[in-house]
Student: 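Dropping the structure in here first, questions after.
Quick note on labels: first sequence line is chain A, next is B, and so on, each numbered from 1. Quick caveat: nothing in here was measured; it's all calculated off a predicted structure.
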Amino acid sequence: MFDIKFVRENPDAAREGLINKNEIDRVDELLSLDEKKRKLIFETDDLKSKKNQVSARVGQIKKTGGDASVIIGETKSLGDKIDANDKELREVEAKLEDILIRLPNVPHESVPVGKSAEDNVETKRWLPEGFSFDNEFEKLDHIQLGKKHDILDFERGAKISGSGFPLYKGKGATLERALINFMLDTHINQHGYSEIFPPFLVNKESMFGTGQLPKMQDDMYTIERDELYPIPTAEVPITNIYRDENLTEAQLPVKFVGFSACFRREAASYGKDTKGLLRVHQFNKVEMVKFVKPEDSYTELEKLVIDAEDILQALKVPYRLLMLCSGDLSFAAAKCYDIETWSPAENKWLESSSCSNFEAFQARRANIRFRREETKKLEFVHTLNGSGLATSRLMVTILETYQTPEGKIIVPEVLRKYTGFEVIG
RNA sequence: GGAGAGUUGGCAGAGUGGUUGAAUGCGGCGGUCUUGAAAACCGUUGAAGAUGUAAGUCUUCCCGGGGUUCGAAUCCCUGACUCUCCGCCA
């Protein structure tokens, strides 16, 4: 959420941020509502103060048995004015709030200005030893491989639930589980994260806190009867762990990692990448979440990306790093790196991770603060999160890059102690 | 699903419709004492907002929302959540 004080003090910076994020500039509207609001508060507080004084006198008069009827009339007329002012104030605040909660975060100064995904900047490319973009033999895609070895069954997944709900079978299911466990163990034991196993259904306050509500309503599944939402990412429950709480400075940074299934309606992308695992309604993801001091958040973002990269380097799969341009940033993010892994059969990069710094945007919505020792004051923390990583597209990359000319699939070395087998097929 | 109890400051826990932002204890912070620490003692200790250069002043907040009243943490209605017992159940 936008801080109205920031807008008040830096209207031009707020305006520029919105424009660079392809948003409508509503800064003037905000400023005039804000001014109106403050004027009303000033007047109403004064009236309330007067009324409180008179009421106190009523108490004193009644104690001594006097007649207070005259000044009781005074409090009534003050009360009427206060009610009218309060009503107007609530309306102005509602309008202001309605705009504020729908405004996206502003990009960090280091983010390249751009309109769409085409303006994203590739900042790094990592290829395993001996890798070549020219396939030495015709690569089967993950759907063909899944069928050949009976490890992925999209038809039956569709029968059970609908399209976009993949069914993993046999060694495919084991490989999926191995991948999840390998990623969790790495982050816990080597990168210093504490493990969380979160609820998969959350309430609307949690969805608001991380910024999914109100703007992303159409992308989420909803369980209306119970007012719950299946999570689109573990970011939601994990970030909301500290909603409405105050942390101590000594606690920071807090680093959590958790596995969850992720549920997405993908309402705006029907007909796009519908093949197999490329875009699904349910997938598995290991998510890293950090709560840090504001001055540390950008170095923590770089570390977060490295933590995700470590997984890919251990798996020995080709990937590249993109710095998203302003226009491609998600609603809540101030800066974001995407990690894309290579699909030799599709001959393209697949987004497997997204690592973002939200600065105080989510903390302000979710009211997550810490007390700074030096000043003794409460400040909003900065929150970050990154996929470490999503298994679905990573699985595509693994299956396709680890296939042999005979169509077998070699299990990446680091996963073997988790799978108990070295080859599929 | 049935029955009951509860929700107050960082935590525990009082609270008579009228100096209650809220007793008390613990914790935190500052100090005395001590070589240092502990103990003891003394003091201090919520948040948000408006206004002001500042000191300060004012407003709001005792789970949420409505109501009664000149005045509500306290009375009434309503919602949410938590806990206990019974039933059902992985």
Student: Please state how far atom CG in A/Leu78 lies from atom C1' in B/G71, giving the value in whole angstrom units.
Tutor: 13 Å
Student: How close or far is atom P of B/A80 from atom CG of A/Asp226, stated in whole angstroms?
Tutor: 12 Å
Student: How far, in whole Å, is B/C62 from B/G9 if one measures between their P atoms?
Tutor: 10 Å
Student: Please examine the side chains of A/His149 and A/Lys171, heavy atoms only from C-beta on, and report whether any two atoms are closer than 4.5 Å.
Tutor: no
Student: Is A/Asp98 paired with A/Arg26 through a side-chain N to carboxylate O contact shorter than 4.0 Å?
Tutor: no
Student: With C1' as the reference atom in both, quote the distance from B/A72 to B/G21 in angstrom, rounded to an integer.
Tutor: 15 Å
Student: Starting at atom CG of A/Asn203, determine the distance to atom P of B/U82, rounded to an integer number of angstrom.
Tutor: 10 Å
Student: Send over the distance from A/Arg372 CZ to B/C29 C1', rounded to a whole Å.
Tutor: 19 Å
Student: Between B/C11 and B/U45, how many Å separate the two C1' atoms, rounded to a whole number?
Tutor: 14 Å
Student: Which part of the nucleic acid, if any, lies within reach of A/Ser55 when heavy atoms closer than 4.0 Å are counted: base, sugar-phosphate only, or nothing?
Tutor: base
Student: Between A/Glu176 and A/Asn284, is there a side-chain donor-acceptor contact under 3.5 Å, judged purely by atom types and distance?
Tutor: yes
Student: Can you tell me how far C1' in B/A80 sits from the matching atom in B/C41, rounded to whole Å?
Tutor: 46 Å
Student: Which donor-acceptor pairs under 3.5 Å do side chains of residues 409-425 of chain A form with protein atoms, sequence neighbours excluded?
Tutor:
residue	atom	partner	partner atom	Å
A/Arg416	NE	A/Val411	O	2.8
A/Arg416	NH2	A/Val411	O	3.0
A/Tyr418	OH	A/Asp185	OD2	2.7
A/Thr419	OG1	A/Leu415	O	3.4
A/Thr419	OG1	A/Arg416	O	3.3
A/Thr419	OG1	A/Phe421	N	3.2
A/Thr419	OG1	A/Phe421	O	2.7

Student: What distance, rounded to whole Å, do you find between the two P atoms, one in B/A38 and one in B/C26?
Tutor: 16 Å
Student: Are there any protein N/O atoms within less than 3.5 Å of an N/O atom in nucleotides 72-79 of chain B, and if so, which ones and at what distance?
Tutor:
none

Student: Using whole Å, report how far CG of A/Asp83 lies from P of B/U69.
Tutor: 12 Å
Student: Could you check if a side-chain atom of A/Phe331 sits within less than 4.5 angstrom of a side-chain atom of A/Gln212, using non-hydrogen atoms only?
Tutor: no
Student: Flag the pair A/Lys147 and A/Glu155 as a salt bridge only when some basic side-chain nitrogen lies within less than 4.0 angstrom of an acidic carboxylate oxygen.
Tutor: yes
Student: Would you call A/Arg279 and A/Glu266 a salt bridge, using N to O less than 4.0 angstrom?
Tutor: yes
Student: Using the P atom in both, what is the distance from B/G10 to B/G6, to the nearest Å?
Tutor: 23 Å
Student: Charged N to carboxylate O below 4.0 Å: is that the case for A/Asp80 and A/Lys76?
Tutor: no
Student: Tell me, for nucleotides 43-59 of chain B in 5' to 3' order, what letter each nucleotide earns: B for a base near a protein heavy atom under 4.0 Å, S for only sugar-phosphate near one, - for neither?
Tutor: ----SSBSS------SS
Student: In whole Å, measure the gap between the C1' atoms of B/C61 and B/U7 for me.
Tutor: 16 Å
Student: When rounded to the nearest Å, what value does the distance between C1' atoms of B/G17 and B/C76 take?
Tutor: 13 Å
Student: Nearest whole Å is fine: how far is B/G65 P from A/Asp86 CG?
Tutor: 13 Å
Student: Report yes if some heavy atom in the side chain of A/Phe358 is under 4.5 Å from a heavy atom in the side chain of A/Arg365; otherwise report no.
Tutor: no
Student: Tell me the side chain to side chain donor-acceptor pair (under 3.5 Å) pairs involving residues 221-234 of chain A, sequence neighbours left out?
Tutor: A/Lys204-A/Glu227, A/Tyr221-A/His281, A/Thr233-A/Lys285
Student: Nearest whole angstrom, please: distance from the P of B/G10 to the CD of A/Gln251.
Tutor: 14 Å
Student: Measure up the A/Tyr193 and A/His191 rings against each other and bin them: parallel (under 30°), tilted (30 to 60°), perpendicular (over 60°).
Tutor: perpendicular
Student: Under the side-chain hydrogen bond (donor to acceptor under 3.5 Å, both in side chains) rule, collect the residues that match up with A/Asn20, sequence neighbours excluded.
Tutor: none
Student: Given pairs defined as Watson-Crick or G-U wobble with both distances under 3.5 Å, what dot-bracket annotation applies to RNA chain B, with ( ) intrastrand, [ ] crossing, | other strand and . unpaired?
Tutor: ((((((((.[[[..)..(.....]]]((((((.......))))))((((((....)))))).[[[[[..)....]]]]])))))))....
